[in-house]
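These numbers come from the heavy atoms of this one structure, side chains and all, not from hydrogens, waters or symmetry mates. Per chain, numbering begins at 1; letters A, B, ... match sequence-line order.
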Amino acid sequence: MHEIVLKLVGVCRTAKLLTQLHSLTIRTGLLYDTHLAAKLTELYVELLPVHNARKLFDEIPHPSIYTCNRILQRFCGNKRYEEVLSHFSSTFLFEKPDHFTLLFVLKACSALNALNFGKTIHGLGKKHGNIDSNMFLGSGLIDMYSKCGNMDDALRTFEEYSKPDIVLWTTLVTGYEKNFKPDEALAVFTGMVMTRGVIPDPINLVTVVSACTQLLNLKAGKNIHGFLIRKGYENPLPLFNALLNLYTKTGSIEYAGSLFRIIEEKDVISWSCMISCCAHNGATDRAISLFDEMIYKGVEPNSVCMISALQACEASCNIEKGRKIHELAFQKGLERDILVSTALIDMYMSCCAPNEAIMVFDRMLNKDAVSWFTLLCGCVQNGMANKSMQIFCDMMASDIQPDATMMVKILGSCSELGVLQLTCCLHGYVIRGGFISNLFIGASLIECYAKCGSLEEAIEVFERLTDKDVVIWSSMFAGYGIHGQARESIKLFHRMVTDSTVRPNKVTFLSILAACSHAGFVEEGIEFFNMMLNEYQLMPESKHYAIIVDLLGRTGELEKAMCIINQMQSQVGPHVWGALLSACKIHQNAEIGEVAARNLLRLDPDHAGYYILLSNVYAVDGKWDDAAELRSSIKEKELKKITGQSVVKL
DNA sequence: TTAGGGTTAG
């Protein structure tokens with residue numbers, strides 16, 4: 001009888017048969033058998049709704065601790081963690097839980113972030129036995145504290161163990177790494193390496209490499225790579241993938257490529273890492289061909305990999321390939337993934353196809369803050385001011401709240417657009433959302449108002465900020481500069497130096513110099529340039545030089561400007577030569593103008609504007625043949641100067 | 001007749 005029932009349990013797949021078997025075993029007393037009871041318990045969880053499963057379980061006469069654990073284990077396996085806790089609370093009121101029980105419950109506490117419940121389990125463990133003798137319980141406890149974000153208790157638990165094994169060490173390192181404390185993670189790892197008898201294994205090293213990735217510490221990661229080669233671990237794929245990720249994030253495309261080549265059995269993660277590495281490090285065509293190769297080899301793409309491939313299309317403006325990947329994502333049902341849809345919106349927006357992006361967005365069943373934000377920034381990027389305002393209003397109406405980082409980006413987009421009305425809306429939200437004292441947002445608002453033409457509002461935001469940092473001050477100098485008020489900008493600079501402890505940086509001087517240049521304050525500009533060099537010992541960059549060349553150019557001191565350029569230690573950027581060339585045109589100096597223009601065309605040979613500037617220089621100097629020759633070479637090369645445009649918001 | 005640590009993402 002017992003054998004027959006056991007066989008029936010083995011083939012039972014329906015709730016009806018299960019209920020019949022249950023009644024039979026109750027009637028015949030077979031449920032006293034622990035093995036049979038455990039098997040039936042598994043089936044209750046698999047085939048019945050929760051309350052029925054619990055009801056039948058409660059009817060088992062005197063279930064053994066093993067049987068009780070089985071139901072917890074099954075709930076855990078099915079990620080039904082709330083049921084683990086509730087079942088534990090009701091069943092183990094009078095039962096004495098064992099180490100297995102506690103482990104399942106701890107797993108549920110970790111998943112549910114139930115710190116207090118977890119602490120009770122820690123207490124129970126201590127009450128019922130010697131914790132130090134059980135490493136399994138130790139790792140469960142450390143894992144639970146880590147996942148609840150409580151690293152102090154995780155460390156205290158770890159210290160309760162006199163001889164922690166490799167898993168215990170790894171759990172602690174992982175805890176720090178996952179809680180974004182990579183320095184502590186590496187410190188614990190160092191402690192582990194110095195402990196006799198504990199040798200890092202591939203799983204342990206995965207976590208350590210992740211910590212290195214957070215720190216962008218390529219050197220430490222490469223040491224680990226060397227160590228694993230020396231140890232000759234067999235195909236540690238997750239470790240290879242973690243290293244690929246480190247090389248990706250540090251832009252080490254060469255290392256990533258050579259590691260990728262030697263991985264024999266690549267999984268979708270290896271491919272995704274390599275595609276992402278190429279997409280983010282300028283090798284977009286290679287990223288796309290890797291994606292094609294992966295599909296050709298029959299590796300099933302997942303959403304992460306689609307996102308990386310879409311980013312490659314976005315970076316290279318390859319809308320055709322982007323559309324093909326979109327089609328594939330649709331076929332695979334991955335378009336439903338909110339991250340994939342957002343990547344599609346990003347791709348279409350960057351490829352100047354806003355309507356296709358909007359179609360993707362409209363089809364999305366669930367939209368989060370990032371998808372709204374991507375759509376909004378994309379519309380701004382494509383010059384669709386009205387649409388972006390409408391999107392902002394729709395987003396607020398949908399109860400989606402942008403966070404501080406997003407507000408900074410939206411404000412940045414808005415300042416590019418220059419629509420005052422949108423800035424006012426965003427300002428209102430900044431106040432209501434409690435972001436007004438956030439310095440990043442403050443600086444963005446100042447810039448935004450200044451660029452939208454309302455210097456008064458910019459000043460008001462500036463004055464209301466009590467703790468102004470160097471970025472806030474610099475934004476205000478730049479704001480005055482945009483409005484041609486260099487005198488005010490300089491006055492404010494002196495106020496900053498005398499009334500605050502803030503020390504100007506390179507950006508501060510760039511703002512002040514730009515203000516001087518805009519208003520034609522030549523002497524003051526040169527004075528600030530010298531102050532930057534001598535008093536604050538800041539090394540000027542190409543942008544600073546461009547302004548100083550522009551200022552000298554205005555007074556016709558072209559030789560002096562040329563001399564400064566020749567003495568530059570940083571690379572001479574196009575703005576510097578451009579400023580010199582413009583000055584040469586005004587002061588009719590074809591000789592220096594030619595030097596400037598030749599350098600500009602070397603930096604960017606397809607820039608039609610530079611040819612036109614040089615031909616103008618020739619023209620004012622009476623060199624009509626040279627001017628004509630240049631104009632015809634523009635035609636030959638089929639270069640077109642992009643026409644300047646202005647927008648007036650009515 | 002149950003048990004612990006790991007990789008990719010807007």
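- The six-membered or imidazole ring of A:F57 lies away from that of A:Y44, with a centre-to-centre distance of 6.0 Å or more.
- Evaluation of the side-chain contact (heavy atoms from CB on, under 4.5 Å) rule for A:R323 yields A:I319, A:E320, A:Y348, A:E356 as partners, not counting sequence neighbours.
- Applying the salt bridge (charged side-chain N to carboxylate O under 4.0 Å, His left out) test to residues at least two apart or on different chains, none of the pairs has a partner in residues 198-223 of chain A.
- Using a 4.0 Å heavy-atom criterion, one finds that A:N69 contacts the bases of the nucleic acid, with or without backbone contacts as well.
- No engagement by A:T374 is indicated, since no non-hydrogen atom pair under 4.0 Å with the nucleic acid exists.
- In the 5' to 3' direction, nucleotides of DNA chain B lying under 4.0 Å from heavy atoms of chain A begin and end at B:dT1 to B:dG10.
- Annotation: side-chain contact (heavy atoms from CB on, under 4.5 Å) contacts of A:F440 (sequence neighbours excluded): A:V408, A:N438.
- When the salt bridge (charged side-chain N to carboxylate O under 4.0 Å, His left out) test is applied to A:K119, the partners found at least two apart in sequence or on another chain are A:D153.
- The side-chain contact (heavy atoms from CB on, under 4.5 Å) test applied to A:A242 returns A:V206, A:V209, not counting sequence neighbours.
- Partners of A:E300 under the salt bridge (charged side-chain N to carboxylate O under 4.0 Å, His left out) rule, at least two apart in sequence or in another chain, are A:K332.
- Contact check of residues 148-169 of chain A against DNA chain B (heavy atom, cut-off under 4.0 Å) returns A:D165, A:I166, A:V167, A:L168.
- Evaluation of the ring pair (Phe, Tyr, Trp, His ring centres under 6.0 Å) test over residues 258-293 of chain A, restricted to residues two or more places apart or in two chains, returns A:F260-A:W271.
- Across residues 280-299 of chain A, not one residue has a non-hydrogen atom less than 4.0 Å from an atom of DNA chain B.
- A:L112 pairs by the side-chain contact (heavy atoms from CB on, under 4.5 Å) definition with A:Y81, A:E82, A:L85, A:A114, not counting sequence neighbours.
- With sequence neighbours left out, the salt bridge (charged side-chain N to carboxylate O under 4.0 Å, His left out) criterion links A:K321 to A:D292.
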